[in-house]
Number of protein chains: 2
Amino acid sequence: MSTPPPTPSSGPEPEARAIRDDATRSAPEPDAKPLRADAARNRAKILDAARAAFAEHGRDAQMDDIATRAGVGVGTVYRHFPTKQSLAVAIVQQRFAMILAFIRDELLPDPDPWNALERSFEFCASTQLADRGYADAVGTIAGGSPIAGGGPHGPAVDQIEEMLDLTERLIARAHAAGVVRDDLAASDMPPLYAALASIVQAGVPDWRRYIAIVLDGLRPR
Amino acid sequence: MSTPPPTPSSGPEPEARAIRDDATRSAPEPDAKPLRADAARNRAKILDAARAAFAEHGRDAQMDDIATRAGVGVGTVYRHFPTKQSLAVAIVQQRFAMILAFIRDELLPDPDPWNALERSFEFCASTQLADRGYADAVGTIAGGSPIAGGGPHGPAVDQIEEMLDLTERLIARAHAAGVVRDDLAASDMPPLYAALASIVQAGVPDWRRYIAIVLDGLRPR
DNA sequence: ACCTGAACACCGTTCAAGT
DNA sequence: ACCTGAACACCGTTCAAGT
């Protein structure tokens, strides 16, 4: 089972700040004018509140609830994020940044390419378990990059690109080691992560079993 | 790829009546007093309208729209189905009855047990493709029988039982032929069908590829 | 008995008024 | 500039009035 991945649910606080900075940079405008101090504070509180709300309730999270948790009026939430969807997207991009960092810093350095693949599924599943919003969104990511470009959901285009780039390296290493089927491509991973999401979200207790089955399906023919 | 399964989307009319009768029988009350003629007619029209609406929009289908399509007032819809959820469940039970019939009449008679397994995934995927409501629900089915008993979603308890019974026979035949891994159980199928749903719903065009990967994962070790 | 649709509740979104 | 919350729109659900 390898090392348990750093579960994102354990404490929102420690990584939250790093994630927030990251996400603020990846906003629609590459580098918009800096916010007034109080506005920046409010934006951060809104993101924290939204993270908690979406993690718990997925797309059923309520805007009024988020505003209350953040200690601001609903109008303020809408000033920062024009729509509930856009707020959900911002949160998903944070999660995505976290996952990219995990692949970059933990999986690519893993000397065993097969183990790295295995850990990527484990990490994906435990993220889905901790964050319903991410689990809801991972399917839209699998739909392909077109969705990211102007589409209503999902991570930013450059995040998709980095994801594919990192995944390609992961897969290339596995090919070099001869541990996966010849036709396995990086583009196969998002659909498989999406597939995992519905098992996890269905509350199937031994989701690890289905990771094992899929992994067996990825072994060389 | 085997024979393309009878796609449920092609024409709602032909099977609709048979399905309707089936579902009417599997209503909450085993055999409630017969409905007045006009009420029975309305109920049928509501089920037809709901089938179309849920197939197209999944859980986002609107009650007013269903009432309009059926040519009745909203109140009438609520008289027959106390809640949107209960109406969705009725439709899912119809689909489920259809799937059970397919397994019973098409897959169990298939002389090749491996091919039967393959066709079960294909049929599941094309049903999910044709019916967003079913695709939305199949995850809740995978959660296990507890959900069916009093739970808010999914097929009736006896349908779940029949499903497991039929699937067990399917798997037993595959074990007898030695074409699947030793530890494969009937209870593995619902989670795998649910996994398929998110791939199909994500709009991944070559979902057949992921069926093939999972099937490879089911082969003997 | 059953049907109808206006009325109510809830939640996403807007906007006039404030600082 | 930014914040607030009452008001509006939309959709699930109810219920008084009809047949």
Side-chain angles (χ1 to χ4, degrees), chain A residues 24 27-29 31-50 52-54 56-92 132-133 136-137 152-153, chain B residues 24 27-29 31-50 52-54 56-92 132-133 136-137 152-153:
Chain A
T24 308
E29 306 79 2
D31 45 356
K33 52 252 133 190
L35 292 170
R36 218 170 63 182
D38 57 341
R41 237 179 346 253
N42 279 338
R43 187 185 170 87
K45 286 192 293 181
I46 289 166
L47 282 169
D48 283 343
F54 282 117
E56 188 175 351
H57 299 112
R59 55 168 64 90
D60 292 337
Q62 297 176 202
M63 292 299 267
D64 279 315
D65 177 47
I66 291 171
T68 305
R69 291 200 205 206
V72 302
V74 235
T76 305
V77 177
Y78 279 94
R79 159 165 273 268
H80 287 278
F81 301 94
T83 200
K84 180 180 172 179
Q85 181 69 252
S86 71
L87 181 51
V89 166
I91 301 296
V92 167
R132 273 191 60 189
D136 283 350
H153 323 274
Chain B
T24 307
E29 306 78 0
D31 46 354
K33 52 251 133 191
L35 292 171
R36 216 169 65 181
D38 59 339
R41 238 178 346 253
N42 279 339
R43 186 185 171 88
K45 287 192 292 181
I46 290 166
L47 283 169
D48 283 342
F54 283 118
E56 188 174 351
H57 300 112
R59 55 168 65 91
D60 293 336
Q62 297 176 202
M63 292 300 266
D64 278 315
D65 178 46
I66 291 171
T68 304
R69 290 199 206 207
V72 301
V74 234
T76 305
V77 176
Y78 279 94
R79 159 165 274 268
H80 286 278
F81 300 95
T83 200
K84 180 179 171 179
Q85 181 69 252
S86 72
L87 181 50
V89 165
I91 301 296
V92 167
R132 275 191 60 191
D136 282 350
H153 324 275

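Chain identifiers are assigned alphabetically (A, B, ...) following the order of the sequence lines, protein sequences preceding nucleic acid strands; residue numbering begins at 1 within each chain.
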J.: Whole angstrom is fine here: how far is it from CD in Gln62(B) over to C1' in dC10(C)?
T.: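 Going from Gln62(B) (CD) to dC10(C) (C1'), I get 15 Å.
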
J.: Figure out the NZ/C1' separation between Lys84(A) and dC10(C), and round it to whole Å.
T.: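 These atoms are roughly 12 Å apart.
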
J.: Can you check the Phe81(A) CZ to dC2(D) C1' distance for me, whole Å?
T.: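 One finds 15 Å between C1' of dC2(D) and CZ of Phe81(A), rounded.
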
J.: Taking all atoms of both residues into account, what is the closest heavy-atom pair of Val77(A) and Met63(A), and its distance?
T.: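 For Val77(A) and Met63(A), the tightest heavy-atom pair comes out as CG1-CE, 3.6 Å.
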
J.: Shortest non-hydrogen contact from Val72(A) to Asn42(A)?
T.: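 Result for this residue pair: CG1-OD1, 3.4 Å.
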
J.: How would you label the contact of Ala61(A) with the nucleic acid (heavy atoms, under 4.0 Å): base, sugar-phosphate, or nothing?
T.: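 The answer is sugar-phosphate, as Ala61(A) gets under 4.0 Å only of primed atoms, P, OP1 or OP2.
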
J.: How close do Val92(A) and Gly133(A) get, heavy atom to heavy atom, and via which atoms?
T.: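 Answer, listing the atom of Val92(A) first, then Gly133(A): CG2-O, 4.2 Å.
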
J.: Determine the minimum heavy-atom distance between Glu56(B) and Arg132(B), stating which atoms define it.
T.: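 Distance-wise, the nearest heavy atoms are O-CD, 3.4 Å.
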
J.: Which range-with-range stems can be found for DNA chain C when each stem has 3 or more Watson-Crick or G-U pairs in a row and both distances sit under 3.5 Å?
T.: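 Consecutive-pair runs (3 or more) involving DNA chain C: C:4-8 with D:12-16, C:12-16 with D:4-8.
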
J.: Should Lys45(A) and Asp48(A) count as side-chain neighbours, where that means a heavy-atom distance under 4.5 Å?
T.: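 Side chain of Lys45(A) against side chain of Asp48(A), heavy atoms only: no contact under 4.5 Å found.
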
J.: Using atom CZ of Arg41(A) as one end and atom C1' of dA1(D) as the other, report the distance to the nearest whole Å.
T.: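 Result: 14 Å.
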
J.: Would you tabulate the pairs of protein nitrogen or oxygen atoms and nucleotide nitrogen or oxygen atoms of nucleotides 3-7 of chain C closer than 3.5 angstrom?
T.:
{"from": "dC3(C)", "atom 1": "OP1", "to": "Asn42(B)", "atom 2": "ND2", "distance (Å)": "2.3"}
{"from": "dT4(C)", "atom 1": "OP2", "to": "Gly73(B)", "atom 2": "N", "distance (Å)": "2.9"}
{"from": "dT4(C)", "atom 1": "OP2", "to": "Thr76(B)", "atom 2": "OG1", "distance (Å)": "2.6"}
{"from": "dG5(C)", "atom 1": "O6", "to": "Gly75(B)", "atom 2": "N", "distance (Å)": "3.4"}

J.: Taking Asp136(B) for the side chain and Gly58(B) for the main chain, is one N or O donor matched with an acceptor at less than 3.5 Å?
T.: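 A pair under 3.5 Å: no.
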
J.: To check you understand the geometry: which heavy-atom pair defines the closest contact between Tyr78(B) and Thr83(B), and what is its length?
T.: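 In terms of heavy atoms, the two residues are closest at CE2-CA, 4.2 Å.
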
J.: Can a side chain N or O of Thr83(B) be found less than 4.0 Å away from OP1 or OP2 on dT13(D)?
T.: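 Yes.
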
J.: Evaluate the side-chain proximity of Arg69(B) to Ile46(B): yes if any heavy-atom separation is below 4.5 Å, no if none is.
T.: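 No. Closest side-chain heavy atoms not under 4.5 Å.
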
J.: Distance check needed: dC11(C) C1' versus Met63(A) CE, whole Å only.
T.: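 Nearest whole value for this atom pair: 11 Å.
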
J.: Do Phe54(A) and Leu87(A) have side chains that get closer than 4.5 Å, going by heavy atoms?
T.: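 They are in side-chain contact.
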
J.: Roughly, in whole Å, what's the span from CG in Asp64(B) to P in dT14(D)?
T.: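 One finds 14 Å between P of dT14(D) and CG of Asp64(B), rounded.
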
J.: Tell me the interatomic distance from Asp65(B), atom CG, to dC11(D), atom P, rounded to whole angstroms.
T.: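 Result: 10 Å.
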
J.: Roughly, in whole Å, what's the span from CG in Leu87(B) to P in dT13(D)?
T.: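 It is 10 Å, rounded to the nearest whole Å.
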
